[in-house]
Amino acid sequence: VQLQASGGGLAQAGGSLRLSCAASGRIFSSYAIGWFRQAPGKEREFVSSISWNGGSTYYADSAKGRFTISRDSAKNMVHLQMDTLKPEDTAIYYCTATRFSGMALKPYDYDYWGQGTLVTVSS
């Protein structure tokens, strides 16, 4: 398994969740890692990404100021700390990897996908 997402669950509006993405060593050392989400009936959308060395991070407008992406090099993991959650954050969240070095916002920019983890935010 190249990527494995975890950490989803049920949270109340205003609460927090931390998603984690475990990556294989080969992926973690040279790929940017991103998070996308897909709500029922909606297209998959970009949430956040971090460059292969952690030097650059990108956020969708909906995530700015509330979500924080980070890399844990010791464990080959990427975390997405989600605070001040809103019901509209409810979706399946996917971690993904790309060799593209810039800001990659589209699903087709990414090469590998994890299985997804469900986040449900109640009002």
Side-chain angles (χ1 to χ4, degrees):
V1 177
Q2 307 278 18
L3 297 168
Q4 187 161 8
S6 63
L10 177 65
Q12 291 187 331
S16 299
L17 284 173
R18 189 176 82 153
L19 305 185
S20 297
C21 178
S24 67
R26 181 181 71 87
I27 296 292
F28 188 85
S29 63
S30 57
Y31 282 66
I33 303 294
W35 287 95
F36 279 73
R37 67 186 183 187
Q38 189 165 19
K42 295 188 176 181
E43 293 186 352
R44 194 167 295 190
E45 64 175 5
F46 173 80
V47 177
S48 181
S49 66
I50 187 166
S51 60
W52 70 272
N53 62 356
S56 298
T57 58
Y58 305 97
Y59 297 92
D61 288 343
S62 60
K64 287 179 182 176
R66 300 189 300 126
F67 295 1
T68 304
I69 193 168
S70 61
R71 294 175 74 100
D72 182 343
S73 298
K75 298 182 178 179
N76 286 359
M77 296 186 76
V78 170
H79 302 293
L80 183 68
Q81 177 67 39
M82 305 189 297
D83 298 318
T84 320
L85 285 164
K86 302 176 181 180
E88 49 264 45
D89 294 320
T90 295
I92 298 174
Y93 284 70
Y94 298 89
C95 68
T96 183
T98 178
R99 297 213 67 169
F100 184 66
S101 60
M103 185 167 59
L105 303 180
K106 300 296 185 181
Y108 55 69
D109 290 327
Y110 289 80
D111 306 299
Y112 297 96
W113 292 82
Q115 83 287 4
T117 186
L118 177 63
V119 170
T120 304
V121 183
S122 62
S123 58

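- Within the 4.5 Å cutoff, side-chain heavy atoms of Cys21 are placed close to those of Leu3.
- Taking hydrophobic clusters as Ile, Leu, Val, Met, Phe, Trp and Tyr residues chained together by side-chain heavy-atom distances below 4.5 Å, Trp113 shares a cluster with Leu118.
- Side-chain contact check for Ile27 versus Ile33: some heavy-atom pair is nearer than 4.5 Å.
- Residues Asp109 and Thr98 approach most closely at O-OG1, 2.7 Å, considering heavy atoms.
- In this structure the side chain of Glu45 reaches within 4.5 angstrom of the side chain of Arg37, judged on heavy atoms.
- The environment of CH2 in Trp52 is sparse: at most 12 heavy-atom neighbours from other residues, nucleotides or ligands sit within 6.0 Å.
- The NZ atom of Lys64 lies 10.0 Å from the OG1 atom of Thr57; values are rounded to the nearest 0.5 Å.
- Using a distance-only test at 3.5 Å, with no hydrogens or angles considered, a donor-acceptor pair links the side chain of Thr90 to the main chain of Val121.
- Between Leu19 and Gly8, the shortest heavy-atom distance links the atoms CD2-N, 3.6 Å.
- Remark: Phe46 CZ to Met103 CE distance equals 7.5 Å, nearest 0.5 Å.
- The environment of Gln12 atom CD is sparse: at most 12 non-hydrogen atoms of other residues, nucleotides or ligands sit within 6.0 angstrom.
- Follow the hydrophobic side-chain contacts under 4.5 Å out from Met82 and you reach Tyr59 in the same cluster.
- Each of Lys75, His79, Gln81 was checked for a side chain to side chain donor-acceptor pair (under 3.5 Å) with Ser20, and the lone residue meeting it is His79.
- With rounding to the nearest 0.5 Å, the separation of CE in Met77 from CD in Gln4 is 9.0 Å.
- When the side chains of ILVMFWY residues are joined at heavy-atom separations under 4.5 Å, either directly or via intervening members, Tyr112 and Val78 end up in a single hydrophobic cluster.
- Tyr94 and Ile50 are not part of a single hydrophobic cluster, where members link through side-chain heavy atoms under 4.5 Å apart.
- Separation of atoms SG (Cys95) and CD (Gln115) is listed at 7.0 Å; rounding is to 0.5 Å.
- Nearest heavy atom pair, residue Gly55 against residue Asn53, reads N-OD1, 2.9 Å.
- By the 4.5 Å heavy-atom criterion applied to side chains, Tyr58 and Ile69 are not counted as neighbours.
- Taking 4.5 Å as the limit, some side-chain heavy atom of Arg71 sits within range of a side-chain heavy atom of Phe28.
- Taken from OH in Tyr31 to OG in Ser24, the straight-line distance is 8.5 Å, to the nearest 0.5 Å.
- Residue Asp111 holds its CG atom at 7.5 Å from OG1 of Thr96, rounded to the nearest 0.5 Å.
- Annotation for Ala91 and Ala39: closest pair CB-N, 3.8 Å, computed over non-hydrogen atoms.
- Across every non-hydrogen atom of Leu80 and Phe67, the tightest pair is CD1-CB, 4.2 Å.
- Residues Ser49 and Tyr110 share a closest heavy-atom pair of CB-OH, 3.7 Å.
- Side-chain contact between Gln2 and Arg26: present, with at least one pair of heavy atoms (C-beta onward) separated by less than 4.5 Å.
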